[in-house]
Amino acid sequence: MTPDVDTARSATDELADFDALTGRYSRELLAHCYRMSGSIHEAEDLVQETLLRAWRSQGTFGGRSSVRTWLYRIATNVCLTNLEGRPRRPLPTGLGTADSLASDELVSDEEVPWLQPVPDAAVVVGERDSIRLAFVAALQHLPARQRAVLILRDVLRWSAAEVATALETTVAAVNSALQRAHAQMKERALTEDTVVEELTTAQQRLLEAYVEAFWKKDVDAIVGLLTHDAVWEMPPFTGWYRGADHIGELIGTACPGGAHDMVMLPTRANGQPAFGLYMRGPEGDFAPFHLQVLDLDGERVRHVGAFFDTDLFPTFGLPARLPADVRTDVGDGPVSRPGRGAAEIAAAHGR
């Protein structure tokens with residue numbers, strides 16, 4: 001039996017157990033659909049549509065490629081169809097407006113389809129893949145087909161011929177689209193290779209100090225943990241803020257919570273540290289307020305995306321509420337107040 005026949009038979013056998021196939025590939029397909037769409041909720045629907053189409057078309061699979069490649073081809077075209085006529089998903093910095101002052105009126109625009117973060121736990125990515133928030137935000141500036149070409153070529157490392165087959169176009173067209181995509185991404189100084197490695201011990205201490213500073217609402221401490229030219233943005237509010245002092249003023253004057261009113265539970269989003277911030281309510285317990293995704297520069301925070309979409313909390317496995325006696329463990333010991341630790345609360349809710 002020839003190698004080609006063996007490969008085709010192996011792929012056909014893999015298709016025979018569709019439940020196992022779904023378990024094997026759904027999380028990496030979710031990462032792919034998320035890069036394309038910029039929305040975790042849309043990506044989940046796109047993966048389901050991909051698997052449905054694959055199940056319906058099993059009989060047409062000829063084994064000329066791996067099942068994985070075949071699924072990615074289906075997923076890419078499902079995404080392209082879904083993106084037709086739809087506006088891109090920006091962050092506030094991508095709207096083309098100047099940075100705001102803390103004294104400016106907060107304007108919310110619920111009509112904009114904002115970029116969303118994705119939980120690390122929901123996706124599987126390869127060694128050189130990137131789902132960093134800034135990278136995905138930059139992808140959204142590309143036309144959909146350029147976006148697909150760049151992801152398939154640079155992230156998944158497909159050949160130009162494989163991409164041309166998947167998109168039913170020519171190698172020349174693929175190379176041209178990739179060149180244009182690279183030019184746009186270069187303007188933002190972003191590639192899939194900018195992904196940050198594991199956090200250092202010093203960065204872990206930074207995050208602990210960050211959580212404690214918000215709990216105490218110590219604005220000076222928060223400012224001291226930011227880079228001088230840090231950026232803060234918080235969709236669906238259209239304004240964005242540059243500079244540690246301006247961000248500190250915003251938190252000090254526009255954030256409704258006071259000392260001991262803000263609890264943060266850790267999670268991971270887009271390969272970056274993230275926190276669900278809970279705000280104390282009139283009954284004393286804590287309700288979801290926003291989800292922060294942090295980008296670090298050494299031992300400082302250079303960018304915060306604070307997403308005021310509380311529907312993201314269950315997506316990240318974060319509790320719906322926290323009791324009034326919750327506490328978080330920071331620094332060398334617990335914050336001086338009674339109650340259960342954040343880790344214990346999270347574990348009690350299945351995190």
Would you please classify the geometry between the H260 ring and the W215 ring as parallel, tilted or perpendicular, with 30° and 60° separating the classes? parallel
Is any side-chain heavy atom of I40 closer than 4.5 Å to one of P119? yes
Whether R153 side chain and W158 backbone form a donor-acceptor pair below 3.5 Å: yes
Could you list the residues that satisfy ring pair (Phe, Tyr, Trp, His ring centres under 6.0 Å) with W70, not counting sequence neighbours? F61
Matching residue for Q140 among R147, R35, R89 - test: side-chain hydrogen bond (donor to acceptor under 3.5 Å, both in side chains): R147
Nearest 0.5 Å please: distance from the CD atom of E168 over to the CG atom of N77. 6.5 Å
CG of L291 to OG1 of T315, rounded to nearest 0.5 Å, is 9.5 Å
Does D45 reach the main-chain N or O of E42 with its side chain, forming a donor-acceptor pair under 3.5 Å? no
If you define the side chain from C-beta out and look only at heavy atoms, does anything of L139 sit under 4.5 Å from M185? yes
W114 CH2 to F307 CZ distance, which is reported to the nearest 0.5 Å: 10.0 Å
Please answer whether the main-chain N or O of T97 pairs with a side-chain N or O of W240 as donor and acceptor at a distance below 3.5 Å. yes
Backbone of Y25 reached by a side-chain donor or acceptor of E28 within 3.5 Å: no
For T200, does its backbone N or O pair with a side-chain atom of Q203 as donor and acceptor, under 3.5 Å? yes
Any side-chain donor paired with an acceptor under 3.5 Å for R73 and T69? no
Residues clustered with V107, ILVMFWY side-chain links under 4.5 angstrom: none
Only one of V301, L226, L250 clears side chain to side chain contact (heavy atoms under 4.5 Å, CB included) with W232; which? L250
Can you pull the salt bridge (charged side-chain N to carboxylate O under 4.0 Å, His left out) pairs that have at least one residue in residues 242-266, sequence neighbours excluded? D261-R280
Filter on side-chain hydrogen bond (donor to acceptor under 3.5 Å, both in side chains), then keep only pairs touching residues 282-294, sequence neighbours left out; what's left? Y210-Q292, D285-R321, H290-Q292
Any non-hydrogen side-chain atom of P266 less than 4.5 Å from a side-chain atom of L207? no
Non-neighbouring partners of F289 that pass ring pair (Phe, Tyr, Trp, His ring centres under 6.0 Å), sequence neighbours left out: F308
Does C255 reach the side chain of M279, with side-chain heavy atoms less than 4.5 Å apart? yes
Check whether any side-chain N or O of R145 sits under 3.5 Å from a backbone N or O of L167 as a donor-acceptor pair, and report yes or no. yes
For the CG atom of D297 and the NE2 atom of H228, what is their distance to the nearest 0.5 Å? 13.5 Å
Is the backbone of L294 close enough, under 3.5 Å, to the side chain of Q272 for a donor and an acceptor to pair up by distance? yes
Rounded to the nearest 0.5 angstrom, the CZ-CG distance for R268 and D120 is 5.0 Å
Could you tell me which residues satisfy ring pair (Phe, Tyr, Trp, His ring centres under 6.0 Å) with Y241, sequence neighbours excluded, listed by chain and number? none
Would you give the length of the straight line joining atom CD1 of I74 to atom CZ of R53, rounded to the nearest 0.5 angstrom? 8.5 Å
In this structure, would V231 and L106 fall into the same cluster of hydrophobic residues linked by side-chain contacts under 4.5 Å? no
